Number of protein chains: 2
Amino acid sequence: MTPYPVSSEDRDAFVQSLQMLTGRWKVEILWMLSGGVLRFGELRRALPGITQHMLTTQLRELEAHGLVKRTPYAEVPPRVEYEMTDAARDLKPVFKAVMVWAREHSYLLSGGDAAPDGETHP
Amino acid sequence: MTPYPVSSEDRDAFVQSLQMLTGRWKVEILWMLSGGVLRFGELRRALPGITQHMLTTQLRELEAHGLVKRTPYAEVPPRVEYEMTDAARDLKPVFKAVMVWAREHSYLLSGGDAAPDGETHP
DNA sequence: TTCATTAGTATGATTTTTCATATTAGGTAT
DNA sequence: ATACCTAATATGAAAAATCATACTAATGAA
């Protein structure tokens with residue numbers, strides 16, 4: 001009915017999903033957490049350059065979007081553990097699809113060094 | 001070798017690919033262009049709320065990233081046509097993977113109305 | 001001549017995002 | 001009592017993204 005291959009509802013869902021991953025450190029945080037549970041300080045040390053404030057806010061946003069689970073312990077000094085949710089783990093096919101695309105079109109990415117069409121260096 | 005399921009190079013490629021689609025109007029522009037070639041003014045009218053300046057800059061960024069092709073004609077008044085590139089069309093599997101995820105986890109998205117686990121309202 | 005049209009560019013304001021630094025609470029160890 | 005440790009908050013500055021408005025060039029139509 002529309003000239004477009006997808007509905008505008010689907011487009012909106014796509015935009016929303018994209019926004020869950022939009023943020024200076026979110027993908028890197030998820031990448032770290034894909035290795036297992038980490039506490040706040042470990043995450044901080046694993047992400048050189050991030051400030052405490054940014055780590056807190058990015059984690060809170062990920063948590064609000066249901067991609068990260070936060071577990072505080074009633075201890076002193078405080079201990080708070082972070083881990084991926086199942087929803088975040090289910091993003092793997094998305095990640096894979098992007099990687100397939102990125103490999104196919106690596107010439108569009110900076111830092112890489114491939115030619116547009118099955119071309120290798122002589 | 002690493003505790004992570006993907007390499008940091010893959011993570012960087014993922015981040016870069018994501019950034020190509022990051023921008024207030026980029027997905028909506030691509031969505032419009034998925035219906036076929038459009039000239040600047042048509043695109044502008046099709047995107048209520050966008051300013052000329054934003055449309056220009058978003059299109060230029062998409063073009064620089066190889067997702068949009070720009071074809072200016074030497075006419076007066078000027079005519080410039082925009083269309084998706086093959087690379088942009090190849091993003092379809094990514095779009096599909098995100099949609100599968102979004103449907104599975106629609107309770108995480110705002111605007112929707114599904115329950116977390118195969119639950120419907122009584 | 002004057003006006004209308006189109007795809008921009010110029011300029012500045014506003015909003016959002018990110019960064020930098022300091023401070024806090026409350027137990028534990030000394 | 002004092003210093004220490006951790007996760008977090010407070011505050012303000014800087015940078016980036018977005019928005020709002022006005023202006024331009026060149027030709028054809030009136």
Side-chain angles (χ1 to χ4, degrees), chain A residues 11-12 15-33 36-65 67-84 110, chain B residues 11-12 15-33 36-65 67-84 110:
Chain A
R11 183 205 57 195
D12 292 347
V15 169
Q16 273 193 57
S17 304
L18 222 57
Q19 281 173 343
M20 289 188 181
L21 298 175
T22 297
R24 174 67 182 83
W25 300 93
K26 286 191 188 160
V27 172
E28 284 160 271
I29 287 171
L30 288 177
W31 183 66
M32 291 311 303
L33 293 180
V37 177
L38 288 177
R39 50 189 298 192
F40 186 86
E42 292 173 318
L43 218 31
R44 187 162 107 76
R45 283 186 290 277
L47 298 170
I50 199 173
T51 58
Q52 246 167 328
H53 189 246
M54 267 308 273
L55 181 52
T56 301
T57 60
Q58 297 277 288
L59 281 169
R60 288 293 158 82
E61 287 179 26
L62 287 167
E63 188 193 9
H65 284 140
L67 297 180
V68 158
K69 174 153 163 266
R70 175 178 182 271
T71 311
Y73 294 87
E75 301 176 359
V76 165
R79 175 162 64 105
V80 180
E81 290 186 342
Y82 290 92
E83 62 189 309
M84 292 179 83
S110 67
Chain B
R11 183 205 57 197
D12 292 347
V15 169
Q16 273 192 57
S17 304
L18 222 57
Q19 282 173 343
M20 289 188 182
L21 297 175
T22 297
R24 174 67 182 80
W25 300 93
K26 287 193 188 158
V27 172
E28 284 160 271
I29 288 171
L30 288 178
W31 182 67
M32 291 311 302
L33 293 181
V37 177
L38 289 176
R39 49 190 297 192
F40 186 87
E42 292 173 321
L43 220 30
R44 187 163 109 76
R45 282 185 292 277
L47 298 170
I50 199 174
T51 58
Q52 249 168 328
H53 190 245
M54 267 310 272
L55 180 52
T56 301
T57 60
Q58 297 277 287
L59 281 169
R60 289 295 159 81
E61 287 179 26
L62 287 167
E63 188 193 8
H65 284 140
L67 297 179
V68 158
K69 174 152 162 267
R70 175 177 181 271
T71 310
Y73 294 87
E75 300 176 1
V76 164
R79 175 162 64 104
V80 181
E81 292 187 342
Y82 290 92
E83 62 189 309
M84 293 179 84
S110 66

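All chains are named by letter (A, B, ...) in the order of the sequence lines, taking the proteins before the strands, and each is independently numbered beginning at 1. Here the structure is a predicted model, which means the values were calculated and not measured.
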Can you tell me how far [atom2] of [N] sits from [atom1] of [X], to the nearest Å?
X	N	atom1	atom2	result
A:Phe40	D:dA8	CZ	C1'	7 Å
B:Glu75	D:dG28	CD	C1'	12 Å
B:Leu59	C:dG8	CG	P	8 Å
A:Gln52	D:dA8	CD	P	9 Å
A:Leu55	C:dA20	CG	P	15 Å
B:Tyr82	C:dG8	OH	P	4 Å
A:Met54	C:dT16	CE	P	16 Å
A:Glu81	D:dT6	CD	C1'	13 Å

Side-chain N or O of [X] closer than 4.0 Å to phosphate OP1/OP2 of [N]:
X	N	value
B:Arg70	C:dG8	yes
B:Arg39	C:dT6	no
A:Gln58	C:dT18	yes
A:Arg60	D:dT9	yes
A:Arg24	D:dA16	no

Look only at the side chain of A:Glu28 and the backbone of A:Trp25, and say whether a donor-acceptor pair between them is shorter than 3.5 Å. no

Got a donor-acceptor contact below 3.5 angstrom from the B:Gln16 side chain to the A:Ser110 backbone? yes

Could you tell me whether B:Arg44 contacts a base, only the sugar-phosphate backbone, or nothing, with contacts defined as non-hydrogen atoms closer than 4.0 Å? nothing

Touch class at under 4.0 angstrom, heavy-atom based, for B:Tyr73 against every strand present: nothing

State, yes or no, whether a side-chain contact exists between B:Gln52 and B:Phe40 at a heavy-atom distance under 4.5 Å. yes

Pick the nucleotide of DNA chain C nearest each of B:Arg45 and A:Pro77; which residue has the one closer to the 5' end? B:Arg45

Measure the spacing between CG of A:Leu55 and NE2 of A:His53 and express it to the nearest 0.5 Å. 11.0 Å

Look at atom CZ of A:Arg79 and say whether more than 12 heavy atoms of other residues, nucleotides or ligands are closer to it than 6.0 Å. yes

Nucleotide of C:dA7, D:dA8, C:dC19 approaching A:Thr51 most closely (side-chain heavy atoms): C:dC19

Pick the closest DNA chain D nucleotide for A:Glu42 and for B:His53 by heavy atoms, then say which residue is nearer the 5' end. A:Glu42

